[in-house]
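To keep things clear, I will list the structure first and then write my remarks on it.
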Amino acid sequence: MKQFIFGMCVLGSVWAAVAQTPEAAPAGAPAVINPRVARFTELLSGAQSSLESVLPEELITLLQEGRDLGRPQMVSGVLRGYLS
C-alpha cells in the first residue's frame, strides 16, 4: 500500500512538472515586449550612460519600476553612482 501511494506521488509530481513546461514559440513569431520593461530598460540605459543628467523623478521611477519588475540589482548600481 505504501509503495502504491509513493508511486502515485512520484507520478503526480512528474505529471505536474510536465504540465508546467511552457511551449516554445515558433521560430518565425516575433517576441512580445512588455511596454513597462521597455520603458524601464530605456530609463536604465540612459541613467547608466550619463548619471549627471538623471533627474530625481527619473530615479524614483527607476526605483519603483525596478521593484515592481523584480530587478532591483540593476538599479542599485545607478543609485550608488547617483548618491556618490
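- Annotation: salt bridge (Lys or Arg N to Asp or Glu O under 4.0 Å) contacts of Arg39 (sequence neighbours excluded): Glu65.
- Counting heavy atoms from C-beta outward, Val37 and Arg71 have side chains that approach closer than 4.5 Å.
- Taking both residues in full, the closest heavy atoms of Gly66 and Val75 are given as CA-CG2, 4.2 Å, listed atom of the first, atom of the second, then distance.
- Annotation: side-chain contact (heavy atoms from CB on, under 4.5 Å) contacts of Ser84 (sequence neighbours excluded): none.
- The distance from atom CG of Leu62 to atom CG of Leu55, rounded to the nearest 0.5 Å, is 11.0 Å.
- Side-chain contact between Asp68 and Arg36 is present, with heavy atoms from C-beta onward closer than 4.5 Å.
- Considering every non-hydrogen atom in both Tyr82 and Val54, the closest pair reads CE1-O, 3.7 Å.
- Atom OG1 of Thr61 and atom CG of Leu44 lie 12.5 Å apart (nearest 0.5 Å).
- Every residue two or more places apart in sequence or in another chain that forms a side-chain contact (heavy atoms from CB on, under 4.5 Å) with Ile60 is listed here: Gln64.
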